[in-house]
A.B. asks: 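This is the structure, below, for whatever I ask next.
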Amino acid sequence: MLHADLDAFYASVEQLLDPSLRGRPIAVGGGVVLAASYEARAFGVRGGMPGRQARALCPALQFVGGNFREYQRLGDQVIEVLRDFTPLVERISIDEAFLDVAGSTHLFGPPPAIAQAIRQRVRDEIGLPISVGVAGTKHLAKIASQVAKPDGLVVVPVGGEQQFLHPLPVELIWGVGPAAAARLASAGVRTIGDLAATPNPYLRHLLGTAVGDKLSALASNIDPRTIERDHTASSVGAQAALGLRDATPELVHTTLGYLADRVAGRLRAGGCAGRTITVRVRFAQLRSVTRSVTLPAAICATIALTDIATELALTALRDHPDEPRISLLAVSVSQLVAQHVLQLELPLGLPDDELRPGTKAGAARSDADRSVDAIRTRFGRGAIGYAAIVFSDVRRVPEQFRELAERKSGRHGSD
DNA sequence: TCTGGGGTCCTAGGACCC
DNA sequence: TCTGGGGTCCTAGGACCC
C-alpha cells in the first residue's frame with residue numbers, strides 16, 4: 001500500500017507558477033493561512049493560522065492569492081500519474097491518495113521502486129514535490145508519508161512495523177487530534193510505543209470504544225481497509241461566516257436562502273436528494289448548536305430547503321434567547337438517495353399532512369429550480385442567484401474557493 | 001487574537017418495535 | 001404487571017481531517 005501526498009500543495013503550486021517565490025516564505029490566503037511554504041513553516045507558520053499571527057511570526061512572509069483553478073488542474077494531473085501505475089487509486093483530497101500496487105509489481109517492480117518512480121515523474125512532468133509512504137496497510141502508509149515529508153520516501157519493511165512506529169508521537173496517528181492527544185498525555189501516553197503498552201480496556205475508557213479499539217488495532221498493525229475507488233458523498237452542505245451580526249429573521253432567511261440554493265443546486269446536479277436537514281448556528285465565542293429534522297421523503301428543491309432550514313435556525317435561536325448575535329450559519333443535507341430527473345418531476349402521491357408547508361413540492365424539481373439550473377449550465381453559477389445581493393456587505397471568500405472545497409470531498413471516480 | 005469552507009465518524013439518550 | 005433483551009431510527013453534540 002502506498003500513500004502519496006503533495007507537499008505544502010497550494011504554496012508549492014504558487015512557487016511553481018511564479019519562480020520569484022521559490023525559496024521564500026509564502027502563505028496562500030489572507031485572513032487565514034490556507035497553506036504555508038516550508039520556508040514559512042520554519043518560522044512556525046501553519047495552515048489554519050490567522051494571517052495576523054503568521055505575519056507576526058514571520059515578518060518577511062509574503063501572502064499570495066489563490067489560483068484555485070490551477071490547484072485543481074495540477075492536483076488532477078498528479079492523480080493521473082498515479083493511475084498510470086494502478087487503477088486502484090483512492091483519492092482522499094485534492095492533494096493525496098492511497099494506491100494499492102500489489103498487482104502492479106510485475107510491471108513496475110517492488111512497491112518502493114514504484115514509489116520512487118511516482119516521485120520522479122511528478123517532479124519531472126508536473127514540477128511539484130510529493131512524499132510517499134510505503135507499508136503493508138493504509139494507516140501505516142499514511143504515517144510513513146507524514147514522516148517522509150518534505151519531498152521524501154519512507155518504506156516500512158514487513159516485520160519492521162513496531163520498530164518504525166514505537167518512537168513516533170501519537171499525534172501522527174490519523175484520528176488523534178488535540179483532544180485525544182491531551183487525554184493520552186494525561187495518562188502518560190506520548191509515543192505509539194506507549195500506546196502499544198497500554199491495555200485496550202484502558203484506552204476504551206480513556207477515549208471511547210471506537211477510538212480505543214482503533215488505536216489498539218493500529219498498535220498491533222491491524223488495518224483491514226482496502227482501496228475504495230468510488231466514494232460517494234453521504235452529505236452535502238454549505239456554510240457562511242457572518243462576522244458577528246444581530247440574528248434578525250431577515251438575515252437568517254436570506255443567508256439560508258443563499259446556502260440552500262448552493263446545496264440544493266449541487267444535489268440536483270448530482271442527481272440526488274436527501275431526507276435529513278441539519279442547520280448549525282454559531283454564536284459569539286464560537287459556541288454553536290445544531291438542529292435537524294428527518295423528513296418522510298427526500299428533497300432537493302431550493303425553496304423547500306430554504307424554508308425548512310430557516311425554521312430550524314429560528315428554533316435554535318428561540319432556544320438561546322441570551323445569544324442575540326450569530327457568527328455563522330450552515331446547512332447540510334444527509335440521508336441521500338439517488339433521485340433521477342424523472343422522479344423529481346413527480347411530487348404527487350404524498351398526503352399533504354406528511355410534509356410541512358412549503359415542502360410539498362420538495363421532491364419536485366420546481367420550474368424555478370429548472371430555470372436556474374439551466375441558466376447556470378450555460379452561463380455559470382454567478383449568472384443568477386442570491387449571492388451578489390445578499391452578501392454585498394459581507395466579506396466573502398472567493399467563489400472559486402467554495403467550488404474547490406466542494407470538489408475536495410466529492411465523488412472521486414467520475415473523471 | 002478567534003479565522004474559512006466542506007466533509008466523516010462516534011457517542012449517548014430517547015422513542016419505538018418485537 | 002415493571003421485569004428482559006435486542007435492534008433500529010432519530011437528534012444533538014463533539015472530535016477530527018483536508
Side-chain angles (χ1 to χ4, degrees), chain A residues 3 5-6 8-10 27-35 46-57 66 68 71 75 91-97 142 145-146 171-184 204 207-214 225 228 231-244 259 262-263 266 275-296 312 315-316 319-320 327-336 394-412:
Chain A
H3 182 254
D5 198 345
L6 288 152
F9 180 51
Y10 296 172
V28 176
V32 55
V33 175
L34 296 173
R46 296 287 181 273
M49 184 177 275
R52 185 172 298 180
Q53 187 183 347
R55 251 181 277 265
L57 286 168
F68 297 105
Y71 306 157
R91 188 175 191 174
I92 58 176
S93 75
I94 192 171
D95 61 356
E96 65 181 299
K142 169 110 178 158
S145 74
Q146 305 313 302
E171 287 89 340
L172 278 183
I173 298 173
W174 197 89
V176 174
R183 288 190 175 196
L184 289 169
R204 285 177 148 218
L207 305 169
T209 53
V211 175
D213 286 352
K214 190 178 143 182
R225 294 179 304 160
E228 292 178 40
H231 203 269
T232 50
S234 66
S235 70
V236 174
Q239 66 182 61
L242 302 167
L244 197 57
L259 294 172
R262 296 190 67 89
V263 172
R266 284 165 58 201
R275 287 176 55 223
T276 300
I277 319 300
T278 304
V279 164
R280 189 156 67 96
V281 179
R282 195 178 73 189
F283 302 107
Q285 270 83 51
L286 302 183
R287 283 187 299 268
S288 70
V289 296
T290 61
R291 290 293 179 274
S292 66
V293 65
T294 300
L295 306 170
L312 287 169
T315 303
D319 291 344
H320 295 270
S327 62
L328 176 140
L329 286 170
V331 185
S332 146
V333 177
S334 53
Q335 301 273 32
L336 303 182
V394 174
R395 176 171 41 87
R396 287 186 50 235
V397 293
E399 184 73 8
Q400 285 183 349
F401 179 55
R402 286 182 181 270
E403 293 180 12
L404 179 72
E406 285 172 16
R407 279 190 290 262
K408 252 181 163 180
S409 348
R411 263 168 294 280
H412 301 310

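Chain letters run A, B, ... following the sequence lines, proteins first, then strands; residues in each count from 1.
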A.B. asks: Tell me: CZ of A:Arg91 to P of B:dT8, nearest whole Å?
C.D. replies: 16 Å

A.B. asks: Which of these nucleotides, B:dG4, C:dA15, B:dG6, is closest to any side-chain atom of A:Leu34?
C.D. replies: B:dG4

A.B. asks: Any base atoms under 4.0 Å from A:Val211, or only sugar-phosphate, or nothing? Heavy atoms, all strands.
C.D. replies: nothing

A.B. asks: Taking the minimum atom-to-atom distance to the side chain of A:Lys142, which one of C:dC17, B:dT8, C:dT11 wins?
C.D. replies: C:dC17

A.B. asks: Determine whether a donor-acceptor pair (N or O, by modelled atom type, separation under 3.5 Å) exists between the side chain of A:Ser292 and the backbone of A:Ile277.
C.D. replies: no

A.B. asks: In terms of side-chain heavy atoms of A:Arg291, which of B:dG4, C:dC16, C:dA12 is nearest?
C.D. replies: C:dA12

A.B. asks: Between A:Arg52 (CZ) and B:dT3 (P), how many Å, whole number?
C.D. replies: 8 Å

A.B. asks: Mind checking A:Gly48 for me? I need base, sugar-phosphate or nothing, with any heavy atom below 4.0 Å counting as a touch.
C.D. replies: base

A.B. asks: Which nucleotide wins on minimum distance to the side chain of A:Ala241, given the candidates B:dT3, C:dC17, B:dG5?
C.D. replies: B:dG5

A.B. asks: Under 4.0 Å between a side-chain N or O of A:Ser332 and OP1 or OP2 of B:dG6?
C.D. replies: no

A.B. asks: Counting only Watson-Crick or G-U wobble pairs whose two distances fall under 3.5 Å, which nucleotide matches B:dT8?
C.D. replies: C:dA15

A.B. asks: May I ask you to say what A:Leu207 touches in the nucleic acid, namely base, sugar-phosphate or nothing, with a heavy-atom cut-off under 4.0 Å?
C.D. replies: nothing

A.B. asks: Select from A:Ser234 and A:Gly47 the residue whose nearest nucleotide in DNA chain B is closer to the 5' end of that strand.
C.D. replies: A:Gly47

A.B. asks: With heavy atoms under 4.0 Å as the rule, sort A:Glu171 into base, sugar-phosphate or nothing.
C.D. replies: nothing

A.B. asks: Heavy atoms from C-beta onward define the side chain here; which of C:dG13, C:dT11, B:dG6 lies closest to that of A:Ser292?
C.D. replies: C:dT11

A.B. asks: For the side chain of A:Gln335, counting heavy atoms from C-beta on, which of B:dC2, C:dC10, B:dG6 is nearest?
C.D. replies: C:dC10

A.B. asks: Looking at A:Arg275, I'd like to know whether one of its side-chain N or O atoms comes within less than 4.0 Å of OP1 or OP2 on C:dC10.
C.D. replies: yes

A.B. asks: Under 4.0 Å between any heavy atoms, over every strand shown, what does A:Glu96 touch: base, sugar-phosphate, or nothing? Just pick one.
C.D. replies: sugar-phosphate

A.B. asks: Establish, with yes or no, whether the OP1 or OP2 oxygen of B:dT11 is under 4.0 angstrom from a side-chain nitrogen or oxygen of A:Thr209.
C.D. replies: yes

A.B. asks: Which of the following nucleotides, B:dC10, C:dC16, B:dT8, is nearest to the side chain of A:Ala180?
C.D. replies: C:dC16

A.B. asks: Could you tell me whether A:Ala330 contacts a base, only the sugar-phosphate backbone, or nothing, with contacts defined as non-hydrogen atoms closer than 4.0 Å?
C.D. replies: nothing

A.B. asks: Under 4.0 angstrom, heavy atoms only, what part of the nucleic acid is A:Val289 near: base, sugar-phosphate, or nothing?
C.D. replies: sugar-phosphate

A.B. asks: From C-beta outward on A:Val32, which listed nucleotide comes closest to its side chain: C:dA15, B:dT3, B:dG6?
C.D. replies: B:dT3

A.B. asks: Name the nucleic acid region contacted by A:Thr278, choosing base, sugar-phosphate or nothing; use a 4.0 angstrom heavy-atom cut-off, strictly under.
C.D. replies: nothing

